[in-house]
There are 2 protein chains.
Amino acid sequence: MSLVSRNIRDYLRKVRTHRNVSVKNSPAPDLMAAACPSRDVLRRLTGRWGMLVLWALAEGPQRFGSLRRQVGGISERMLAQTLQGLETDGLVLRHDFGTVPPHVEYALTPLGHEAAARVDALLGWIESSLPRIAQGWNG
Amino acid sequence: MSLVSRNIRDYLRKVRTHRNVSVKNSPAPDLMAAACPSRDVLRRLTGRWGMLVLWALAEGPQRFGSLRRQVGGISERMLAQTLQGLETDGLVLRHDFGTVPPHVEYALTPLGHEAAARVDALLGWIESSLPRIAQGWNG
DNA sequence: CAGTATCCGTATTGATACTG
DNA sequence: CAGTATCAATACGGATACTG
């Protein structure tokens, strides 16, 4: 048993006593409601590829192929689908130069940059915290 | 030895030896690599229910039933499964009081609180930005 | 109360082939 | 280059029944 687990009782008591009473006071966020339209946005954003694509675009506009190479493991099909979803929510702008051969660039909208900032914070945390997270996987 | 464990080992070695080569001035994030174990963490966190459960727990420890009522639309099956996933990554602690009838409480670990802070930022943004996002849905 | 076991339909995804 | 179309495999998730 890990050190954390041994102290679980103490830990739970500490957290409980520090719990503010706002649980009952403040109404449950809309996202907690099963029918909230935010759920759709959440799913398009947090699908298997959404946040990774947004993360990649945070560095600057990119073409389809470049994006596909940067996001490891994504198929053409899923990249196209993911980009369309992000476009639906106004996070990504698609610009077709109309040339032959095709040249299409994807860029974050101002709204997309706002989202990307939050995504950056989360993905960056996961990455930098992986050693600590992985510690629990073996013991 | 599990496949995951082997991946972790490889991953940690790569990190130690600074194997990754950056394309631009900022290095390509490891999460962009298809084989990065962070991808597993990301998927457990950004599954359909992960972030919502984390969000709910951010307010304080809760029992299984309470959690289920707060997160609208989640089934017992998926709540149990989601909580186990979050436990795997050391974000959530499960404490079974061992009583009859059963009394089990779930709480965020310190690591979970760090994650929840990022999740809060993202979900909160989605919620508050929904009006602007929805504007693009019609015109 | 807090789950687990099983069944089964659906959604998501990958592979492959094809197009302008 | 930047996609789309189609099919097949699988992962996901809900409903129901059951347990200590």
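Letters A, B, ... are given to chains in the order of the sequence lines, protein chains preceding strands, and every chain is numbered from 1. As the structure is a prediction and not an experimental result, all values here were calculated from the model. Heavy atoms only: backbone and side chains are in, while hydrogens, waters and symmetry mates are out.
Screening residues 69-80 of chain B for salt bridge (Lys or Arg N to Asp or Glu O under 4.0 Å), with sequence neighbours left out, gives no hits. Evaluation of the salt bridge (Lys or Arg N to Asp or Glu O under 4.0 Å) test over residues 97-106 of chain A, restricted to residues two or more places apart or in two chains, returns none.
Taking the side chain to side chain donor-acceptor pair (under 3.5 Å) definition, one finds that B/Ser66 meets it with B/Gln62, sequence neighbours left out. When the side chain to side chain donor-acceptor pair (under 3.5 Å) test is applied to A/Arg44, the partners found at least two apart in sequence or on another chain are A/Asp89. By the side-chain contact (heavy atoms from CB on, under 4.5 Å) test, A/Ser128 pairs with no residue at all, sequence neighbours left out. Every residue two or more places apart in sequence or in another chain was checked for a side-chain contact (heavy atoms from CB on, under 4.5 Å) with A/Gln135, and none qualifies.
Counting any heavy atom pair closer than 4.0 Å across all strands shown, B/Gln84 reaches sugar-phosphate atoms only and no base atom. Looking at heavy-atom distances under 4.0 Å, A/Phe97 makes no contact with the nucleic acid at all.
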*For DNA chain D, what is the dot-bracket line, given that a base pair needs Watson-Crick (N1 to N3, plus N6-O4 or O6-N4) or G-U wobble (N1-O2 and O6-N3) geometry with both distances under 3.5 Å, and | means paired with another strand?*
||||||||||||||||||||
Could you list the donor-acceptor pairs under 3.5 angstrom formed by side chains in residues 90-102 of chain A, with sequence neighbours left out?
residue, atom, partner, partner atom, Å
A/Arg94, NE, A/Tyr106, OH, 3.3
A/Asp96, OD1, A/Gly98, N, 2.7
A/Thr99, OG1, A/Pro101, O, 2.9

Donor-acceptor list for residues 113-126 of chain A side chains, cut-off 3.5 Å, not counting sequence neighbours:
residue, atom, partner, partner atom, Å
A/His113, ND1, A/Thr109, O, 3.3
A/Glu114, OE1, B/Trp125, NE1, 2.9
A/Glu114, OE1, B/Arg132, NH2, 2.7
A/Glu114, OE2, B/Arg132, NH1, 3.0
A/Arg118, NH1, A/Glu114, O, 3.0
A/Asp120, OD1, A/Trp55, NE1, 2.9
A/Trp125, NE1, A/Ser129, OG, 3.1
A/Trp125, NE1, B/Glu114, OE1, 2.8

*Applying side chain to side chain contact (heavy atoms under 4.5 Å, CB included), run through B/Leu54 and B/Leu45 and close with a yes or a no.*
CA-CA 8 Å; B/Leu54 218 60; B/Leu45 201 63; 3.7 Å; yes
*asked:* Apply side chain to side chain contact (heavy atoms under 4.5 Å, CB included) to residues A/Arg48 and B/Arg43 and explain how you reach the verdict.
replied: CA-CA 7 Å; A/Arg48 178 157 181 188; B/Arg43 294 207 67 181; 3.4 Å; yes
Nucleotide N/O to protein N/O under 3.5 Å, stretch nucleotides 12-14 of chain D:
residue, atom, partner, partner atom, Å
D/dG13, N7, B/Arg77, NH2, 2.4
D/dG14, N7, B/Arg77, NE, 3.2
D/dG14, O6, B/Arg77, NE, 3.0
D/dG14, O6, B/Arg77, NH2, 3.4

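With a heavy-atom cut-off of 4.0 Å to chain B, the contacted part of DNA chain C has its first and last nucleotide at C/dC1 to C/dT6.
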